[in-house]
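Side-chain atoms are counted along with the backbone in the values below, which use heavy atoms only and exclude waters and symmetry mates.
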Amino acid sequence: MSTPSSELKSTNLKTPDGTTPSGNRAILKNSSRRLSSAFKSPLRVSNNDKSQIANEEKNLKEEIRTLREKEFQIDKEIDTLITEGYRDDELNNHIQKLHDYNEMKDIGQMILGRIAVQKGTTTKDIYEKYGLNMDD
């Protein structure tokens, strides 16, 4: 599509340092005029890329569906616990006690490990010496 020369205005553009870029540039006087062709991206997407994007989208939709099912199951379990008489504050108290227990167990294991280092033996030997089970 050619533009009539009456709609073009020739302008000498200057860069910030005052130099003129190569050649004159034509600027449309009427900026409200629409272009007739659609935008064409300079980046080309191959068919392989398109299929990869489609597969990713499919996988993400499947993951969302799976997570929604999981959320539904968890909500069902919560409702079951509530109908069985469990209260939220009881569960939170129980969870806090489990955290405290695990913290104390970790400290005990660190102490047994240090004892093993000082005696130049393995932690397993220290557990056996004190009659402890390694699986605890």
I'd like to know whether Lys129 forms a side-chain contact (heavy atoms from CB on, under 4.5 Å) with Lys119, so could you lay out the CA-CA distance, the side-chain angles of the two residues, the decisive distance to 0.1 Å, and finally the verdict.
CA-CA 12 Å; Lys129 179 179 179 181; Lys119 295 199 179 230; 3.3 Å; yes

Which residues end up grouped with Tyr86 if you chain together Ile, Leu, Val, Met, Phe, Trp and Tyr wherever their side-chain heavy atoms are less than 4.5 Å apart?
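Tyr86 clusters with Leu81, Leu91.
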
So do the side chains of [X] and [Y] get within less than 4.5 Å of each other, counting heavy atoms only?
{"X": "Glu71", "Y": "Asp75", "answer": "yes"}
{"X": "Tyr101", "Y": "Lys97", "answer": "no"}
{"X": "Ile82", "Y": "Asp88", "answer": "no"}
{"X": "Asn93", "Y": "Asp89", "answer": "no"}

Could you give me the CA-CA distance, side-chain angles and deciding distance for Gln109 and Tyr127, then say whether side-chain contact (heavy atoms from CB on, under 4.5 Å) is met?
CA-CA 10 Å; Gln109 288 176 335; Tyr127 270 72; 3.2 Å; yes

Ion pair Glu90/Arg87, N-O distance below 4.0 Å
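Yes.
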
Test of understanding: with side chain to side chain contact (heavy atoms under 4.5 Å, CB included), list the residues that count as partners of Glu62, not counting sequence neighbours.
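Residues passing side chain to side chain contact (heavy atoms under 4.5 Å, CB included) with Glu62: Arg65, Thr66.
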
Can you check side-chain contact (heavy atoms from CB on, under 4.5 Å) on Glu57 and Lys61, steps first, answer last?
CA-CA 6 Å; Glu57 186 176 338; Lys61 285 180 180 181; 3.3 Å; yes

Working to the nearest 0.5 Å, report the span between [atom1] of [X] and [atom2] of [Y].
{"X": "Arg68", "Y": "Glu63", "atom1": "CZ", "atom2": "CD", "result": "12.0 Å"}
{"X": "Glu128", "Y": "Thr121", "atom1": "CD", "atom2": "OG1", "result": "9.0 Å"}
{"X": "Ile115", "Y": "Met110", "atom1": "CD1", "atom2": "CE", "result": "12.0 Å"}

Are more than 12 heavy atoms, taken from residues, nucleotides or ligands other than Glu84, located less than 6.0 Å from that residue's CD atom?
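Count over threshold, so yes.
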
